[in-house]
2 protein chains.
Amino acid sequence: MTSDSEARPARQRRVSARGQETRELILETALEVIGRRGYGATSLREIADAVGVTQAGMLHHFGTKEALLVEVLRQRDIANRRALDAQPGDEPTPVRVARHNANAPALMHLYVSLQAAASTPGHPAHDFFRARQERVHDLVVTDVRARQAAGEVRADLDPDRVATVLLALSDGLQAQLGADPDIDIAATIEWLWAQFT
Amino acid sequence: MTSDSEARPARQRRVSARGQETRELILETALEVIGRRGYGATSLREIADAVGVTQAGMLHHFGTKEALLVEVLRQRDIANRRALDAQPGDEPTPVRVARHNANAPALMHLYVSLQAAASTPGHPAHDFFRARQERVHDLVVTDVRARQAAGEVRADLDPDRVATVLLALSDGLQAQLGADPDIDIAATIEWLWAQFT
DNA sequence: GTCTATAGCTTGATAGAC
DNA sequence: GTCTATCAAGCTATAGAC
């Protein structure tokens with residue numbers, strides 16, 4: 001169940017520049033199609049058509065459908081991290097991430113849908129979400145601790161609980177976005193954060 | 001897309017006692033199968049086999065697959081409401097609901113999965129989730145207001161924001177349950193509630 | 001109200017040429 | 001690395017007998 005890229009050592013995948021471009025195009029297009037048709041109604045064939053390759057051609061790059069979709073999320077996580085690292089700010093991590101993804105409803109829809117599907121332990125994406133949840137949680141805990149030390153967050157609050165609540169709130173708002181597109185995710189997380197200061 | 005039961009007037013569906021029993025058995029069994037196999041891998045045929053009827057027999061009662069699954073959630077909402085009304089308590093509504101559903105992971109999995117699938121406006125369950133979200137939100141707002149009047153909740157907090165945060169937290173925790181079954185949903189919501197008192 | 005039978009489609013994945 | 005061709009399997013929903 002472990003993906004290739006995780007088992008592989010630090011060295012880069014050996015691919016041509018052309019192949020890399022194709023991979024990126026596929027990932028972008030997959031997100032676009034999912035946004036348009038919905039996660040459940042999106043087939044490999046439909047993505048392939050939008051890209052301009054065949055379904056078999058796509059599977060050459062990603063092996064399975066789930067691997068492709070997980071890769072969309074993985075790449076977006078990496079991109080998010082780079083964007084946030086490059087431009088450090090005062091706002092807590094979950095708020096900044098929410099702001100960064102505010103105009104990517106398709107990404108949030110994919111995230112929520114795949115997370116739900118990966119609920120079953122045997123699912124190909126189960127390990128990805130388990131690891132991600134743990135990693136992001138630790139990240140936020142560290143952030144909260146630092147701000148407690150700086151006197152920015154109340155010292156009597158359990159950092160673990162604060163992180164859990166912030167991240168679950170973030171996930172829940174993304175889930176509710178389908179029923180009410182007007183929800184302001186970043187503003188809501190920011191409001192809760194303010195209760196902790 | 002509007003379901004029969006919504007368009008129909010208040011009068012009861014005219015079904016035999018035997019038919020009613022079958023309906024209930026189907027709804028219970030559907031939840032059991034979904035818990036065992038996962039939402040995405042559950043077909044009408046598999047539920048039918050577990051019930052001991054044919055797939056066509058089930059569709060006679062519910063029309064479509066989505067209508068069946070929505071009905072599972074709808075009946076559970078009704079059951080929840082009755083249970084909470086019958087035994088009124090001091091704890092806020094979301095905490096009591098969480099406690100009541102704590103031992104029903106299959107229900108939470110179905111809820112999260114169907115909510116994600118119903119994200120697309122055209123989806124058969126879209127209206128159900130939109131209406132439900134609004135209804136539950138109003139319910140919690142009323143609860144919060146009453147407790148503010150009773151001096152139990154800080155009066156400076158916007159009841160709307162409090163309700164939004166509590167409900168999104170609830171949804172998010174249910175979504176994360178797949179990746180970490182050890183999460184204590186009720187305790188986490190209770191902790192956040194305590195920050196508002 | 002439950003059944004059998006099947007229509008009618010779509011799907012993910014593979015084999016193998018080029 | 002991309003293609004064509006195809007497979008085997010699965011699905012929901014419907015028609016119509018009983």
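Labels below follow one simple rule: chain letters A, B, ... track the order of the sequence lines, proteins then strands, and each chain is numbered from 1. Worth knowing before you read on, the calculation uses all heavy atoms, side chains too, and leaves out hydrogens, waters and symmetry mates. Treat the numbers as computed from the prediction; the structure is a model and nothing was measured.
Contacts classified as salt bridge (Lys or Arg N to Asp or Glu O under 4.0 Å) and involving residues 47-66 of chain A (residues at least two apart or in different chains) are not found.
Phosphate contact (OP1/OP2 of D:dG1, side-chain N/O of A:T22, threshold under 4.0 Å): absent. Contact check, B:H61 against C:dT2: a side-chain N or O comes under 4.0 Å of OP1 or OP2. One finds no side-chain N or O of A:T54 lying less than 4.0 angstrom from the OP1 or OP2 phosphate oxygen of D:dT2.
Here the C1' atom of nucleotide D:dG1 and the CG atom of A:L25 are 15 Å apart, to the nearest Å. Atom CZ of A:F62 is separated from atom C1' of D:dT2 by 15 Å (rounded to the nearest Å). Here the P atom of nucleotide C:dG1 and the NE2 atom of B:H60 are 5 Å apart, to the nearest Å.
Under the rule for a salt bridge (Lys or Arg N to Asp or Glu O under 4.0 Å), the partners of A:E190 that lie at least two apart in sequence or sit in another chain are A:R99. The side-chain contact (heavy atoms from CB on, under 4.5 Å) check on A:A83 picks up A:H100, with sequence neighbours excluded. Partners of B:E46 by side-chain hydrogen bond (donor to acceptor under 3.5 Å, both in side chains), not counting sequence neighbours, listed by chain and number: B:R37. Contacts of A:R36 classified as side-chain hydrogen bond (donor to acceptor under 3.5 Å, both in side chains), with partners at least two apart in sequence or in another chain: A:E32. Residues that satisfy the side-chain hydrogen bond (donor to acceptor under 3.5 Å, both in side chains) test with A:E134, not counting sequence neighbours, are absent from this structure. Residues meeting the ring-ring contact (aromatic ring centres under 6.0 Å, His included) test with B:Y39, sequence neighbours left out: none.
DNA chain D lies under 4.0 Å from no heavy atom of any residue of residues 27-35 of chain A.
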Quiz item: For nucleotides 10-17 of chain D, read 5' to 3', which letter fits each nucleotide if B means a protein heavy atom sits under 4.0 Å from the base, S means only the sugar-phosphate is that close, and - means neither?
Solution: -BBBB---

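Residues B:D180 and A:Q133 have side chains that never bring a donor and an acceptor to within less than 3.5 angstrom of each other.
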